[in-house]
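As structure tokens, the structure follows; a few thoughts come after it.
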Amino acid sequence: MRRPSAPSATRSPPSPPSASVWSSRPMSVRVRFAPSPTGQVHIGNIRAAIFNWLYARHTGGAFLLRIEDTDRERSTPEAIRTLLDVMEWLGMTSDEPPVYQSACTERHLEVAEAMVAAGTAYREDRDGKGECIVCRMPESGRLEFTDAVKGRIRKQAEDLQDFVIVRSDGTPVFHLANVVDDHDMRITHVIRGDDHVENTFKHLQIFRAMGAEPPIYAHLPMIVNHMGKPYSKRDGAAFVGDFQAQGFLPEALFNFLALLGWAPGDDREIMTRGEMVEAFDLDRCKSSAARFDLKKLTWMNGEYLRRLPRETLDAAFRERLAAGGLDPASVTDEVWNAILDLMIPRTKIFGEVPGNCAYFFTDDFAFDPRAVEKRLRPEGTRERLLKVAETFESLPAFTLESTEAALRALGESMATGIGSLVHPVRVAVSGMTEGPGLFEMLVLLGRERVCARLRQAVRMAG
RNA sequence: ACGCCCAUCGUCUAUCGGCUAGGACACAAGGUUUUCAUCCUUGUAAGCGGGGUUCGAUUCCCCGUGGGCGUGCCA
């Protein structure tokens, strides 16, 4: 398949897209994701990969991976590993062995030479750096192509300039390598970012020079940040790895990203892979930029998270707690399961697990300053906390019912109401203002720990 | 500067000339309990401006405006 088809000697202009041998019969779709491994995979790039993947699956075609590793500096084995890992994490693996662009350099140069021989390219010394090879663009007329998502796109030849395809140091430039590889991989649809629309004219010109039928191009709108500006690394989470680290689920990220620039047409949002594959199509893709809404992703992640089987959640909680320096085994199985029951509905991202559950596993948990200020500082809290501790200590049994009854009784006798007890107690034992029902929490922590924490909190109280 | 592309609630989007403009996130209120989350109900909220075409424009055309991209021996 890597065979060079001899570039035709046709002159620059017409070269009608003559029906090639196989174009008369239904050619099966072949798409590719062609990232350059930089060590991180950008969210915009992976979205392009998702659309390629969906299109391949929808049409029953092939999804291929081409690693554009010609930048030897950055394309380290680790960077490539990261890329492959991300692809696998999201469940998108190449249907054929990945093509490494760096292995195709000779072929690229061979095409360039053939273009020079045919007159569709020429050698020139542009800036005294030595001779490079330049591709000839048409000098007049109008160029156009039909983009599968943007429709007809045209440009006057005057607005296009001849461009370098081989540097004076003998290395092929992106445009050449990209096109030759797409050709050799028999790519039928190039689905890529918006930022490549203008390049398409150059690419088409190289295809023409090769005497080959160009693929169909589909340009996806860009993803922009919350400010509406192009999403960059400066925007915080811009890489797939960031989301992975924060504990987002691959299925949720996939679903969310698929909905940026595409919609099934009905009102479905949460969809299975199969549903997305079935509903996906290029002509349902939008052509305007989409903003990345972290809140919606977070919501969607929560939806996916809560549908996970118990064992998966159990394992994920254990893993996250351990990563946060907490020991899940420090509580009994019974308590552990009760904690899960309480915390799962309150979890949207696994990354927040250690922070939200710390007080169950250690006495050395953090106090939210604002919570302390609001619930512990107020006048009289000290006395109330002490009183609660004494009451709890004198209880015959420390249960859901007994603790609640005791606190209510105390609250009524105090005129400040039960709220003036409940809130400070919560902060005293957990360090925060939110969490499971107070009495469930108390019982799980146990009388000893609760009372100790109440007495400790007195020091912070007003 | 020139060229290309884009333009519906705050955000993601539906609408392929008939719209009382639909859904989701977020937000607000209520059901609820001490908080938070979940769940349910309800509510606020949109067609960038100006011209045309048409019986009728969010939908088609033009001009503005705004934004993005491009104009590299970067990818």
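These numbers come from the heavy atoms of this one structure, side chains and all, not from hydrogens, waters or symmetry mates. Letters A, B, ... are given to chains in the order of the sequence lines, protein chains preceding strands, and every chain is numbered from 1.
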Quiz item: Base, sugar-phosphate alone, or nothing: which one does A/Gly130 contact when heavy atoms must sit under 4.0 Å apart?
Solution: base

Quiz prompt | Partner residues of A/Arg167 under the salt bridge (charged side-chain N to carboxylate O under 4.0 Å, His left out) criterion, sequence neighbours left out | solution = none

Practice problem: Would you mind reading off the distance between A/Arg192 atom CZ and B/A75 atom C1', rounded to a whole angstrom? | Solution: 11 Å

Quiz prompt | Atom-to-atom span, CG of A/Leu294 to P of B/C25 - whole angstrom | solution = 16 Å

Quiz item: Does A/Arg291 make a side-chain N or O approach to OP1 or OP2 of B/C9 shorter than 4.0 Å?
Solution: no

Practice problem: Might you confirm whether atom CZ of A/Arg126 has over 12 heavy atoms from other residues, nucleotides or ligands at distances under 6.0 Å? | Solution: yes

Exercise. Would you mind telling me which of B/C73, B/C12, B/A37 lies closest to the side-chain atoms of A/Ala290?
Key: B/C12

Quiz item: What nucleotide, of B/U8, B/C6, B/C36, holds the atom closest to the side chain of A/Glu434?
Solution: B/C36

Exercise. For A/Arg408, report the nucleic acid contact type (base, sugar-phosphate, nothing); a contact means any heavy atom under 4.0 Å.
Key: sugar-phosphate

Quiz item: What's the closest nucleotide to the A/Asp125 side chain, out of B/U13, B/A75, B/C73?
Solution: B/C73

Quiz item: For B/C4, which nucleotide in any strand shown is its Watson-Crick or wobble partner with both distances under 3.5 Å?
Solution: B/G68

Quiz prompt | Which nucleotide in B/U13, B/G3, B/C73 has an atom nearest any side-chain atom of A/Lys129 | solution = B/C73

Quiz item: Quick one: A/Ile165 CD1 to B/C74 P, roughly how many Å, whole number?
Solution: 14 Å

Quiz item: Base, sugar-phosphate, or nothing: which does A/Leu260 touch, judged by heavy atoms less than 4.0 Å apart?
Solution: sugar-phosphate

Self-check item: Listed nucleotide nearest any side-chain atom of A/Gln161, set B/G72, B/U34, B/U13
Solution: B/G72

Exercise. Kindly say if A/Lys348 contacts the phosphate of B/U38, meaning a side-chain N or O under 4.0 Å from OP1 or OP2.
Key: yes

Quiz item: When you look at CZ of A/Arg74, are more than 12 heavy atoms from neighbouring residues, nucleotides or ligands closer to it than 6.0 Å?
Solution: no

Quiz item: Between B/A26, B/C36, B/A75, which nucleotide has the shortest distance from any of its atoms to the side chain of A/His175?
Solution: B/A75

Exercise. Hunt down the Watson-Crick or G-U wobble partner of B/A45, both distances under 3.5 Å, from any strand shown, or write none.
Key: none

Quiz item: Could you give the CZ-to-P distance, from A/Phe256 to B/A26, as a whole number of Å?
Solution: 12 Å

Quiz item: Are OP1 or OP2 of B/U35 and a side-chain N or O of A/Arg426 less than 4.0 angstrom apart?
Solution: no

Practice problem: Mind checking A/Arg284 for me? I need base, sugar-phosphate or nothing, with any heavy atom below 4.0 Å counting as a touch. | Solution: sugar-phosphate

Exercise. Among B/A24, B/C5, B/U13, find the nucleotide with the atom closest to the side chain of A/Ala263.
Key: B/U13

Exercise. Answer with base, sugar-phosphate or nothing: what part of the nucleic acid does A/Val197 contact at a heavy-atom distance below 4.0 Å?
Key: nothing

Exercise. Would you mind classifying the nucleic acid contact of A/Asn199 as base, sugar-phosphate or nothing, using non-hydrogen atoms under 4.0 angstrom?
Key: base

Quiz prompt | Residue A/Glu303, side-chain atoms from C-beta onward, closest of B/U34, B/C39, B/A7 | solution = B/C39

Self-check item: Rounded distance in Å - CZ (A/Arg375) to P (B/U35)
Solution: 9 Å

Exercise. Would you indicate what A/Gly265 reaches in the nucleic acid, counting non-hydrogen atoms under 4.0 angstrom: base, sugar-phosphate, or nothing?
Key: sugar-phosphate

Quiz item: Salt bridge check: are A/Asp159 and A/Arg154 linked by an N-O gap of less than 4.0 Å?
Solution: no

Exercise. Indicate, with a heavy-atom threshold strictly under 4.0 Å, whether A/Ser288 touches base, sugar-phosphate, or nothing.
Key: sugar-phosphate

Exercise. Give a yes/no on whether any side-chain N or O of A/Lys229 is located under 4.0 angstrom from OP1 or OP2 of B/G68.
Key: yes

Practice problem: Could you check how far CD1 of A/Ile223 sits from C1' of B/G67, rounded to whole Å? | Solution: 17 Å

Exercise. Can you spot which of A/Asn301, A/Leu305, A/Leu340 makes a side-chain contact (heavy atoms from CB on, under 4.5 Å) with A/Thr347?
Key: A/Leu305

